Each structure stands twice: as C-alpha cells, then as structure tokens.
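Notes to accompany the following structure.
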Amino acid sequence: MVYEILRKYGIRGGYHDQHFLIDERILDRIVDAADIQPHETILEIGAGIGNLTERLMAKAGHVIAIERDPELVYVLKDRFGEPENFTLIQGDVLDVDFPPFDKVVANLPYSISSEITFKLFKYDFKLAILMYQYEFAQRLVSHANSKDYSRLSVNAHYFADTSMIMKIPRGAFSPPPEVLSAVVEIKPRPAHFEVLDEKYFLDFVTAVFGQRRKKMRNSILRNKQLLGIDDMKEFINELPQELLDKRPENLEPEQFAELANIMFRHKQK
Ligand code: SAM
C-alpha cells in the first residue's frame, strides 16, 4: 500500500531526511502506542506521503501535519483533500508556531532531532511518540553513569519521563537509511526537583557536558564567566565538594540542579 503511493506519485526520497516508513505493522504499532482518543488533536511533524497521517486521521479528532517539501505537500493535498479534521501546514517545523495539540506522533527528520525536541519541550502536551535515529534515542532515555548520558538526557529527565519502546530496522523504510532507528515515548511532567532559574540550569548543564571528561570542579572554574560568578575561585569551596570530584556523566539531574541553584543564588547577590 505504501509502496503504491510512492509509485503513484513518483516519489523516491533518500535526500532531505526523506526515508518513508513502509512497514505497515510498525506504522500500526506507532499509532497504537499513542493511544489516540477521538477528541484529541495530534501534531505530526514531517508528514511525507501521509502513511502515518492517514492512520492518525482515522483515530483522532483533529490532525495537524507539518511538511516542508512542496512535492510532498502536493501528495498530501491530493490524497486527503481538505477535510475538517485535517490542517496541513507547509513550512519548516523550526519556524512554525505549533497550534495547541494533545499529542505529537512523528517519524522525525533526523538531522534536526535535537532542535525539534527542545522546541517541543516549550509546549504543553500529554504525550509524544517519536521516531529518532537509534543513537539519539539512546541519549534521550539514558540515565546517569551510562556512556550515552548527555546534556540531552538531563534536559529530557527535567521535562519528562522517557522510554524507548521499539527498535526499528533499516529495511522498514524506503529507501533504507544508513542508520538504525528507534521509537521513543515522552511523557511531559513537572520536574521532580526545584530549579530556581531554568535558563541558568540548562546553560550550566550544556557548559559542563561540553567537557564531559573533565571533573565538575574544573569545568565550573573554566565557565565562571558564563555562570556569572567572578569570585568563583573562592566561592567554589562553598559548593558540595563530593559533587565537584565527579564527572558530568556521573551526576543525577537533581544534583546539577542543586549546584545550579547555589550558584544562581550567589550570582543574584
Ligand atoms: N512521515 C513520513 C513517514 O513516516 O514515512 C515521512 C518521514 S521522513 C523520515 C521525514 C519527513 O520530514 C520528510 O517528509 C521530510 O520532507 C520532512 N522534513 C524534513 N525537514 C523538515 C523540516 N525542517 N520541516 C518540516 N518537514 C521536514
């Protein structure tokens, strides 16, 4: 069926992140994972030829699909027309203001996974079921003391609960990408710990993971300007010393917050 659509419209893909999911069972499993209710509005990013879109439209109250490529926008319009429960936005996902939505379900363009994920965290929604490149998905769901634990993991754990729900082989796509893929479930929730200033906390996490092999003490001293603390050489003695001897990959998200909060309070004085 998906093959037929590709053939009918003469779509080949393979460039601009265009790898179309052709495995119907996996498409169904992605939609099932979203547990879509008839009153819900679903956002889809990168609708492509509409293989996922048509399944979302069958279950949701409303589907908002974003697609950048004019050729694929033509396919989507030709296939679906303009039903009331469907809004098609032609544009770059990074430029578009998302209308309100309940859930987001998408096979993302991998080259901008990070930008899209951070953009989504600024919106209020219940659930995301998103396909990423496998390595990116691993970083998104990993916890402290693992090699994949990164700035992305800390950010994700601050905003949401995340878990990998499916690993997807290359052969599930046409044309097959060079990398493995995985589907991740993201459930936004309030943070489990207090953060006095969100931007300061996130900038601090980014800065120290920029030197992930360095101990926290050295990274903090190196980043004193960014952290806005001129007397860092002396002030660092007031931070919990047991955390300063660790590397960023060994700190829990709440421990980053603990350090950021103390430094932020001092900076405000
Ligand atoms: N949803 C389809 C599927 O499941 O087979 C296509 C997924 S394909 C991995 C990613 C889609 O995102 C492509 O259709 C591509 O044209 C679109 N895309 C790439 N960059 C985009 C951007 N910056 N804004 C909006 N869409 C984009």
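First listed ligand is number 1; within each ligand, the first listed atom is number 1. Nothing fancy with the numbering, it's 1 onward along the sequence. This one's a predicted model, so the numbers in the text were calculated from it and none came from an experiment.
Residues A260 and F204 approach most closely at CB-CD2, 3.8 Å, considering heavy atoms.
Among protein heavy atoms, the minimum distance from atom 8 (S) of ligand 1 is reached at D17 O, 3.3 Å. The protein heavy atom nearest to atom 24 (N) of ligand 1 is V93 N, 2.9 Å.
Both tests hold for K167 against Y134: distance to the six-membered ring centre under 6.0 Å, angle to the ring axis within 45°.
The closest side-chain donor-acceptor pair between N145 and E249, if any, does not fall under 3.5 angstrom. Side-chain atoms of N223 and Q225 include no donor-acceptor pair closer than 3.5 Å.
Close approach to D92 involves these atoms of ligand 1, each under 4.0 Å from a residue heavy atom: 22 (C), 23 (N), 24 (N). Each of the following atoms of ligand 1 lies closer than 4.0 Å to a heavy atom of E44: 1 (N). Those atoms of ligand 1 with a heavy atom of L108 less than 4.0 angstrom away are 9 (C). Near F20, the atoms of ligand 1 lying under 4.0 angstrom from a non-hydrogen atom of the residue are 5 (O), 6 (C). Shown in contact with G48 at under 4.0 Å from a heavy atom are these atoms of ligand 1, numbered in order with element: 6 (C), 14 (O). Those atoms of ligand 1 that come under 4.0 Å of a heavy atom in L72, given as number and element, are 14 (O), 16 (O). Atoms of ligand 1 found under 4.0 Å from any heavy atom of Q18 (numbered from 1 in listed order, with element): 13 (C), 15 (C), 16 (O). Ligand 1 places these atoms under 4.0 Å from at least one heavy atom of L21: 3 (C), 4 (O), 5 (O).
By the 3.5 Å distance cut-off applied to N or O atoms, N107 is counted among the residues near ligand 1. Note: no N/O pair closer than 3.5 Å links I49 and ligand 1 by distance alone. Note: no N/O pair closer than 3.5 Å links D69 and ligand 1 by distance alone.
Between K246 and E252 there is no salt bridge, since no side-chain nitrogen of the basic residue lies less than 4.0 Å from a carboxylate oxygen of the acidic one. The pair K119-D95 does not meet the salt-bridge criterion, since no charged nitrogen lies less than 4.0 angstrom from a carboxylate oxygen. The pair K77-E82 fails the salt-bridge criterion, with no side-chain N (NZ, NE, NH1 or NH2) lying under 4.0 Å from an Asp/Glu carboxylate O.
Aromatic ring orientation, F101 versus F125: parallel (interplanar angle below 30°, classes split at 30° and 60°). The aromatic rings of Y158 and F193 are tilted relative to each other, their planes meeting at an angle between 30° and 60°.
Applying the 6.0 Å contact sphere to CG of N237 captures more than 12 heavy atoms from other residues, nucleotides or ligands.
Considering S174, P109, S181, S111 only, the shortest heavy-atom separation from atom 19 (C) of ligand 1 involves P109. With distances taken over non-hydrogen atoms, the option nearest atom 17 (C) of ligand 1 out of E67, Q90, M131, R68 is E67. In this structure, of G46, G50, G91, the residue bringing a heavy atom nearest to atom 6 (C) of ligand 1 is G46.
Residues M166 and I168 are in side-chain contact: their nearest non-hydrogen atoms beyond the backbone lie under 4.5 Å apart.
By the criterion of a heavy-atom distance under 4.0 Å, neither the backbone nor the side chain of I45 is placed next to ligand 1.
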